[in-house]
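What follows is a set of notes on a single structure, which appears directly below.
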Amino acid sequence: MWNSGHDAYNNGHDAYLESRVLSADPLALVNMLYQACIEAVRDARHHLSEKRIMERSCAINRACEITFELSAALDHERGGDLSRRLAGLYDYMRRQLIEANLKQADAPLAEVLGLLSTLAEAWEAI
């Protein structure tokens with residue numbers, strides 16, 4: 001069977017990403033999660049505008065999964081009030097993502113993208 005090289009590229013990219021994740025410190029991992037979530041929301045907005053329902057839904061699901069990962073990474077013992085506020089914000093973003101998917105609406109996606117961008121900028125400054 002003919003292979004376009006796409007599988008080889010994906011395997012190489014996956015190996016590179018796995019290497020980055022395994023060698024990253026916790027601050028870098030959180031930054032990677034923010035960037036991946038931003039990319040997923042941008043993808044969802046693009047697919048929404050192109051009326052690609054399945055792709056939009058997959059991108060929104062990916063963004064939701066990443067917000068779960070961000071929530072799971074919170075240290076509530078050491079993080080105190082900030083940790084609880086971030087958990088609430090991640091929950092709010094998930095609800096907005098679900099609303100965007102159900103209503104096929106861009107406004108909730110735009111709001112989540114703005115929140116993620118602000119958080120990512122703050123995180124990079126640490």
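All residue numbers in this chain count up from 1 along the given sequence.
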Reported CG-to-CE distance for the pair Leu113 and Met93, which is rounded to 0.5 angstrom:
11.0 Å
Point-to-point distance, once rounded to the nearest 0.5 Å, from CD1 of Ile60 to CD of Gln96:
11.0 Å
Quick check against the 3.5 Å criterion: does Ser57 have a side-chain atom that pairs as donor or acceptor with the backbone of Met54?
no
Salt bridge (charged side-chain N to carboxylate O under 4.0 Å, His left out) between Arg56 and Asp43, worked out
CA-CA 7 Å; Arg56 180 203 71 230; Asp43 287 348; over 6 Å; no
dist Leu97:CG -> Ile66:CD1 (nearest 0.5 Å) comes out at 10.0 Å
Side chains of residues 67-76: which donor-acceptor pairs under 3.5 Å do they make with residues two or more places apart or in other chains?
{"from": "Thr67", "atom 1": "OG1", "to": "Cys64", "atom 2": "O", "distance (Å)": "2.7"}
{"from": "Thr67", "atom 1": "OG1", "to": "Arg94", "atom 2": "NH1", "distance (Å)": "3.2"}
{"from": "Ser71", "atom 1": "OG", "to": "Thr67", "atom 2": "O", "distance (Å)": "3.2"}
{"from": "Asp75", "atom 1": "OD1", "to": "Glu77", "atom 2": "N", "distance (Å)": "3.1"}
{"from": "Asp75", "atom 1": "OD1", "to": "Arg78", "atom 2": "N", "distance (Å)": "3.2"}
{"from": "Asp75", "atom 1": "OD2", "to": "Arg78", "atom 2": "NE", "distance (Å)": "3.0"}
{"from": "His76", "atom 1": "ND1", "to": "Ser83", "atom 2": "OG", "distance (Å)": "2.6"}

Could you walk me through whether Leu29 and Met32 pass side chain to side chain contact (heavy atoms under 4.5 Å, CB included), step by step?
CA-CA 5 Å; Leu29 284 173; Met32 292 168 77; 4.3 Å; yes
Within a 6.0 Å radius of atom CZ on Arg95, are there more than 12 heavy atoms belonging to other residues, nucleotides or ligands?
yes
NZ/Lys103 to CG/Asn101 distance, rounded to the nearest 0.5 angstrom?
12.5 Å
Calculate, to the nearest 0.5 Å, the distance between atoms CG and CD belonging to Leu116 and Gln35 respectively.
9.5 Å
Would you call the rings of Tyr34 and Tyr90 parallel, tilted or perpendicular, taking 30° and 60° as the class edges?
tilted
If only atom types and distance count, is the side chain of Trp123 paired as donor or acceptor with the main-chain N or O of Val30 below 3.5 Å?
no
Would you say the side chain of Ile53 lies within less than 4.5 Å of the side chain of Leu48, judging by non-hydrogen atoms?
no
